[in-house]
Amino acid sequence: MKCYLVSLIVMLFLNSIFGQLYSFSPENLPANGATGQSMDVQAADLDNDGDLDLVLANEFQRNTILLNNGEGQFSNPFNLPNIIHDSEDVAIADFDQDGDLDLIFCSEDDVVHEYYLNDGTANFTANSNYQFPNSTANAVLTADFNGDSIPDIIFGNAGQNRIFINQGDGTFVEETSERLPVSNETTQDIHLSDIDMDDDLDLLIGNEGNSKIWINDGNGVFTDETAERLPIHPNVETRKISSGDINGDGAPELFFSNVAFLPTSALHRANLLFLNDGEGNFSDVSDENLPANSDDTLDAIFEDVDDDDDLDLVIANVNLQSIANQQVLLNDGNGLFTDQTVDVLGDLYFHNPLGVIAADLNNDGLRDLYFCERNLGNSVKDFLFLKLMTNSNAAILEKAPQINIFPNPAIDSFTIESSFSFAEPTSLEIIDLTGRKIVIKTLNYLNNQTIQVRLPSSIIPGQYYLEITSGSNKIIRQLQIGKPQ
């Protein structure tokens, strides 16, 4: 205990030197909605009022919607039916093509998935026209897999993962045998990323056991290329896979969040970091680039928390071996990470987070952090950290050079017309309303030019943000992606 107190004093002293980057804001969350047994959290504008609301998938409790007042203060309107299943994950998209966002929750233990349609004001009712077949699922993800600009669905199951193609009216037809490899593992996560840089989104399958890489042929048909692309680590129990460019070469790296809940996985628990060679082939740099870790990690995201134009790691742990259950690893710009949790968050917070997202929840132009908590018989709220305005990010927000984006809405591609110069490498990213980043292109410089950007074929029509970053310069613009005529 004495050593722990000394360490705590030292860390708090360091925090006073560097200054924290986020403000812990529990007062912004309601006690009647942010204390559930939450397995996953997503952000999206459910009531079409221009701000991001929250959706929580709860284990054997009623799922929760938290509506945002536009300033990052949330309330629970109880707008979901009072139906209880073992919800593990949620997918959000306009599945019935009526102009608002609908919800699909997957269930594990009681194998009953929930499918809710939005009336446009965030009031949800069960879809009476379609019910997904039952399966034991820990993951559900939406994307346009068949190129018709309508959101489809894939479930990550215990056993064969299954894909369902949207018929345009919110009903689905299964095309698993036509599109997916045969699988019999227990899948905990499904993640999309263009790992081979060919302008379509590939599937990363996080399993209890060997995780998989499924490569897209450009038409939404996937082939298992794990053996050729990913170093094998037996007995790894992966709960989440995250992707992001950590070294500025434009290709996404992979981070595997691992746990040791099964007896066999205890042989290899540490999180894994894989470096992309630019063509979707990976090498393990975990030992060299990550600090030692003995926690059970349930989720992680790549996020530039310190505004230095590289992607850091924000991690949700459920073991008390680390300094705190929320963990922040800062990137040195070359993909080497060090633990700076206290410097960034400002204090130690012990709880059991199972999910984490980054999104601008109070409309100040800065992306905040939300950790969902798996409360078991206590009243601890989820953890909301609002990003603080600093001299650095205030300068970034104030630098807003003029650019033109056309056409907007974009269909297959769009053009950026700029009247300014960035001498440093420039990244162009599209960010959806749930905060997922899709790296589109990395340029050596941006210099008074017109640039055409091709959209990935599997991107779903809707509202997005275009983020252009070069050094300390950052520009964010709204981008509407429309349907092909």
Side-chain angles (χ1 to χ4, degrees), residues 18-22 191 193-195 197 241-257 271-278 282-291 293 299-315 326-345 356-360 365-369 385 387-397 399 422-431 435-446 465-476:
F18 294 108
Q20 70 190 66
L21 301 178
Y22 293 82
H191 181 76
S193 182
D194 182 9
I195 62 169
M197 308 295 286
I241 298 178
S242 311
S243 63
D245 176 15
I246 65 172
N247 56 7
D249 66 354
E253 275 69 51
L254 301 179
F255 181 86
F256 285 40
S257 299
N271 297 327
L272 295 170
L273 181 66
F274 296 101
L275 190 68
N276 194 335
D277 69 353
F282 293 91
S283 57
D284 185 352
V285 294
S286 309
D287 291 340
E288 302 91 334
N289 290 43
L290 293 177
N293 173 68
D299 199 4
I301 57 173
F302 285 106
E303 176 71 14
D304 184 7
V305 300
D306 55 356
D307 299 303
D308 65 349
D309 195 32
D310 57 46
L311 290 177
D312 311 300
L313 273 165
V314 182
I315 296 174
Q326 306 92 345
Q327 192 174 22
V328 178
L329 308 182
L330 293 188
N331 187 348
D332 72 346
N334 299 303
L336 181 65
F337 292 88
T338 56
D339 192 331
Q340 300 290 332
T341 304
V342 176
D343 299 342
V344 173
L345 298 183
V356 57
I357 60 170
D360 181 8
L366 306 175
R367 287 161 59 85
D368 312 299
L369 301 177
F385 293 89
K387 193 162 189 179
L388 296 170
M389 192 72 71
T390 66
N391 290 336
S392 174
N393 58 42
I396 292 173
L397 291 174
K399 291 181 179 179
F422 286 162
E424 301 178 67
T426 302
S427 69
L428 309 179
E429 294 178 341
I430 289 179
I431 305 169
R436 189 180 72 191
K437 292 186 176 183
I438 304 171
V439 176
I440 301 300
K441 186 176 292 188
T442 299
L443 308 171
N444 289 329
Y445 61 90
L446 182 60
Y465 295 99
L466 173 67
E467 183 173 299
I468 304 172
T469 305
S470 180
S472 62
N473 297 284
K474 183 178 293 185
I475 303 166
I476 301 176

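Heads up: numbering here begins at 1 and tracks the sequence. No hydrogens, no waters, no symmetry mates; every other heavy atom, side chains included, goes into these values.
Ala251 approaches Asp249 most closely through the heavy-atom pair N-OD1, 3.1 Å. Of all non-hydrogen atoms in Gly278 and Met197, the two that sit nearest each other are O-CG, 3.4 Å. Listed here is the closest heavy atom pair of Asn276 and Pro252: ND2-O, 2.9 Å. In terms of heavy-atom proximity, Asn293 sits nearest to Gln327 at OD1-OE1, 4.3 Å. Taking every heavy atom of both residues into account, His191 and Ser243 meet most closely at NE2-OG, 2.7 Å.
From Glu253, atom CD reaches atom CG of Asn289 across 9.5 Å, with rounding to the nearest 0.5 Å. Between the CG atom in Asp245 and the CZ atom in Phe302 there is a gap of 9.5 Å [rounded to 0.5 Å]. The structure places CG of Asp307 at 11.0 Å from CZ of Arg367, a figure rounded to the nearest 0.5 Å. Between the CD1 atom of Ile315 and the CZ atom of Phe337 there is a distance of 8.5 Å, given to the nearest 0.5 Å. Atoms CZ and OG, from Phe256 and Ser242 in turn, are 9.5 Å apart once rounded to the nearest 0.5 Å. The line from CG of Asp299 to CZ of Phe255 is 10.0 Å long, rounded to the nearest 0.5 Å.
A donor-acceptor pair under 3.5 Å is absent between the side-chain atoms of Asn271 and the main chain of Ser257, judged by distance alone. Between the side chain of Asn334 and the main chain of Leu336, no donor-acceptor pair closer than 3.5 Å is present.
The closest side-chain heavy-atom distance from Ile246 to Leu273 is below 4.5 Å. In this structure the side chain of Leu428 reaches within 4.5 angstrom of the side chain of Ile468, judged on heavy atoms. Looking only at side-chain heavy atoms (C-beta outward), Val328 and Gln340 stay at 4.5 Å or farther from each other. Under the 4.5 Å side-chain criterion, counting only non-hydrogen atoms from C-beta, Tyr22 is in contact with Val305. Residues Asn247 and Leu275 form a side-chain contact, since some pair of their non-hydrogen atoms from C-beta on lies under 4.5 Å apart. Under the 4.5 Å side-chain criterion, counting only non-hydrogen atoms from C-beta, Leu329 is not in contact with Asn331. Two residues are said to be in side-chain contact when any heavy atoms from C-beta on lie closer than 4.5 Å; Asp360 and Tyr465 fail this criterion. For the pair Leu313/Leu290, a side-chain contact is recorded, criterion being any heavy-atom separation below 4.5 Å from C-beta on.
Shown are Val356, Leu345, Thr341; of these, the side-chain contact (heavy atoms from CB on, under 4.5 Å) with Val314 is made only by Val356.
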Go through Asp306 and Val344 one step at a time and tell me if the side-chain contact (heavy atoms from CB on, under 4.5 Å) criterion holds. CA-CA 8 Å; Asp306 55 356; Val344 173; 5.8 Å; no
